[in-house]
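Written below as structure tokens is the structure these notes are about.
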Amino acid sequence: MRLAIQGVGCLGSYGIGSASLWEALQHGTPLPIPAPKTQTERLKNIFQPRMLRQMDHFSRMALLGGWLALNETGNAVLQDMGIIVATGFGPATPTFSFLQSLLEFGEGMASPLAFSHSVHNIPAATLAMKLGVQGPCATLCQPVGAVVAGLSLAHAWIAEARVQHVLLIAADELPSEMNCALANSAFLQPDEESLTTQRAEGCAAFILAADTAHADMACVQWHCTASSKYHAQPETAIVTGTSLPAPPGIQRSFQGETTYGRIPVSLALGMAAALSAPHSTLCMDAQHSPFHSCLYTNVFIQPGA
Amino acid sequence: MRNVEPVPISGMGCISAAGTNLHAALGTLDRGCIATTAPPFAVDKPCPVFAASLPPQISHWQNPEYCPASRTTLQKCNRTVHLGVYAAIQALQQAGITRADAARLRIGVCIGTSVGASLDFLSWYRQWYTTQHSTSATGHGLLLSPAEQEQIQEELRVFAHSNPALATAELFGFSGPAVTVTNACSSGTDAIGIAAQWIRSGVCDIALAGGADALSYITFLGFQSLKLISSTPCKPFDLHRNGLNLGEGAAMVVLENKNSQTRRGALPLGCVVGYGTCTDAHHLTSPHPEGQGLARALKQALAQAEAKREHICFINAHGTGTPNNDAAEGSFFRKELPGIPFLGTKGGTGHTLGAAGALEAVFTLAHLARQHLPASLGFSRLDPDIGLVPVTAPTAITGSYALSQSLAFGGNNSILLLGRGEAACA
């Protein structure tokens, strides 16, 4: 499947912007330890403070990522646009805030605000409200394969002429509670204990449209397999996932998670970086399911002119 | 919106408080039984809930002919997954898709959930919180016994194995796409709509689609904190409605392309002829009061089927029993679908959240097949502000198409247009 990419925005523990992410990858800039919280202060320069009031961190990351992507295309796309949020775990901070309010104040005083923001589709709804989008909105939540699920749903909506454009947001946040829980042996996948890359958080957003096969247009093509084989031979590879070696025969390859960290949706960060690369780039991902089978994903990014 | 081919349904299964299969659930709805119980967890202010009677022993319901996973593997998963697998076995059995078929066909899984993807590990969080805020000299926080530690580990382990779509795909050995939809209360409807598109576009030969959610202490308290729960059995569309009752359950349908169905000699029970979904962009926890998003979703669903409003013989309303939801739906019915009979079934099942849309799609297909509607449980007095009365007595219907609609937190509105039997699939 293939789609045109008309805009991209990304942010994470590494910083903001796809060009700076690509530069950091090229220089092998490692992520600071511990991975810093993603900065979303820039939203204050874009939206009125009252519009940002009571907005949770996940939604703020999604809104800033979405705005950066939209900023590359112009607001005309908003008229006929859907929103898809792809995530490994959804808005973790409000969930833990609700649990905290329960422990501190008891059942009768548990926070309704935290609970309502813990519902997984609230970030997508927040974006729809802030951007004035009235098309379809979907949230897909799974620790494995969320980004490809999001791309595929975007393709379906566009193919059925449900919308002309889709804002795909891939995001995950990492509050300290979540970081601690994910490090618990009960959560670890077979190969995870040996990994040296640190967990982080981040968001990548893409404005997707039908592929018109225009040579100058950036596009994305993807497929999932049960093996590590890949079909194309681009110049560059950005390897994400947990256990994939750099493919042979490719001139340059980068271990993406060294720079942007280990995130359930790290494939999307690799895609964002690849859009700043000079030639077509293969983003590779391998994720173990909870039952230990492995899903390999290859995403080809052709940057625009 | 493009006109699309109808997608045949060759199997259905469900479990809820109304019954452990479709036949039993229809009987409960027909008889007007309301089977609320106390919550299956201790709470300060208990309110009635609708609990499903899932047999506690996995061996009593696991069927290796359809689900090859071992009991040990199934035990690693949570109740939401168990409910989903229970309904999936029924649906696959009705469709005649065994584990041998699963090995040679590309079968996708699309499951909607709400509770099933929530990070509700309270025991673990209590330990983490206490350790962080410990003022004891040791700074070690809670002193837990090995058994308590193991319980916490188990809580995390079960969560890690229980993403509904990923777990179901692995338990059944399916090789197609696996997607978990978390669109709050419209998740089940959306999962079926998405899976129908997979079939039309050839992403997979067969799709198992639906929704699943178990009752949860955290979710119960969350809805209680929002003051959305009624302390009495819910009364959808009634003048004195004052909130919802939470329920649990699962429902699955088997969607299949026509070639596969013909090859297998399977007869369609009905079909998905249209699907619409739109957001209100109005409020995070309340629908647009005039159902504007619903109206756009309806337009999409009808356009997909090239159908008209007069083709619809009844509507399965979302009908939660909360003042805002029922008023918005009422406004939508008055304006967009006047005169078409509608019913709500949450008076018999409770609000099963991510499962609700799928459960009600299965009921809708069954009502279409029987050409008969049960009464809407819980309704007794007209709300003049709504100005509409749902079906209040068993009613015969004539027609081939019906709507099943879901509204959700976040302003999501989703509608399935479903067709009756083989004729609607032509």
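Excluded from the calculations below are hydrogen atoms, water molecules and symmetry mates; all remaining heavy atoms, backbone and side chain alike, are included. Below, chain A is the first sequence line, B the second, and so on; all start at residue 1.
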What part of B/Gln132 is in contact with chain A, defined as an atom under 4.5 angstrom from a non-hydrogen atom: side chain, backbone, both or neither?
neither
For B/Ser225 and A/Pro112, work out which heavy atoms get closest and say how close.
OG-CA, 3.3 Å
Check: A/Gln134 side chain, B/Gln292 main-chain N or O, donor-acceptor pair, under 3.5 Å
no
From CA spacing to verdict: side chain to side chain contact (heavy atoms under 4.5 Å, CB included), A/Leu140, B/Val181
CA-CA 5 Å; A/Leu140 312 177; B/Val181 181; 4.1 Å; yes
Going through the distances and angles, do B/Thr285 and A/Val119 end up as a side chain to side chain contact (heavy atoms under 4.5 Å, CB included)?
CA-CA 10 Å; B/Thr285 56; A/Val119 178; over 6 Å; no
List the residues meeting salt bridge (charged side-chain N to carboxylate O under 4.0 Å, His left out) with A/Arg162, not counting sequence neighbours, and say none if there are none.
A/Glu160
Output field: ring centroids A/Phe115/B/Phe223 closer than 6.0 Å
yes
Indicate the atoms forming the closest heavy-atom contact of B/Trp124 with A/Asn184, along with that distance.
NE1-ND2, 4.2 Å
Which region of B/Val158, side chain (C-beta onward) or backbone (N, CA, C, O), has a non-hydrogen atom less than 4.5 Å from a non-hydrogen atom of chain A, or is it both or neither?
neither
Non-hydrogen atoms of chain A under 4.5 Å away: do they reach the side chain of B/Phe409, the backbone, both or neither?
both
Option in B/Ser414, B/Gly410, B/Pro164 with maximal non-hydrogen atom pairs under 4.5 Å from chain A
B/Gly410
Does any heavy atom of chain A fall under 4.5 Å from the side chain of B/Gln153, the backbone, both, or neither of them?
both
Rounded distance (nearest 0.5 Å) linking atom OG1 of B/Thr277 with atom CH2 of A/Trp157
6.5 Å
Inter-residue atom distance B/Leu122.CG - A/Thr95.OG1, 0.5 Å rounding:
12.0 Å
Heavy-atom distances under 4.5 Å only: say whether B/Asn163 touches chain A with side chain, backbone, both or neither.
side chain
Using heavy-atom distances under 4.5 Å, tell me whether B/Thr219 contacts chain A through its side chain, its backbone, both, or neither.
both
Side chain, backbone, both or neither: which part of B/Cys110 has a heavy atom under 4.5 Å from chain A?
neither
So, for B/Asn412 and A/Cys137, which heavy atoms are closest and what is the spacing to 0.1 Å?
ND2-O, 3.4 Å
Quick one: CG on B/Leu119 to SG on A/Cys141, what's the gap to the nearest 0.5 Å?
7.5 Å
Looking only at B/Arg157, B/His282, B/His283, B/Glu170, most heavy-atom pairs under 4.5 Å shared with chain A are made by B/Glu170
Only heavy atoms, only distances under 4.5 angstrom. Which residues in residues 184-203 of chain B are near chain A?
B/Ala184, B/Ile194, B/Gln197, B/Arg200
Within the structure provided, determine whether B/Tyr125 and A/Phe98 are in side-chain contact (heavy-atom separation under 4.5 Å).
no
Non-hydrogen atoms of chain A under 4.5 Å away: do they reach the side chain of B/Ala167, the backbone, both or neither?
both
Proximal component of B/Ile152, with respect to chain A [non-hydrogen, under 4.5 Å]:
neither
With a 4.5 Å limit on heavy-atom distance, are the side chains of B/Tyr217 and A/Glu107 in contact?
yes
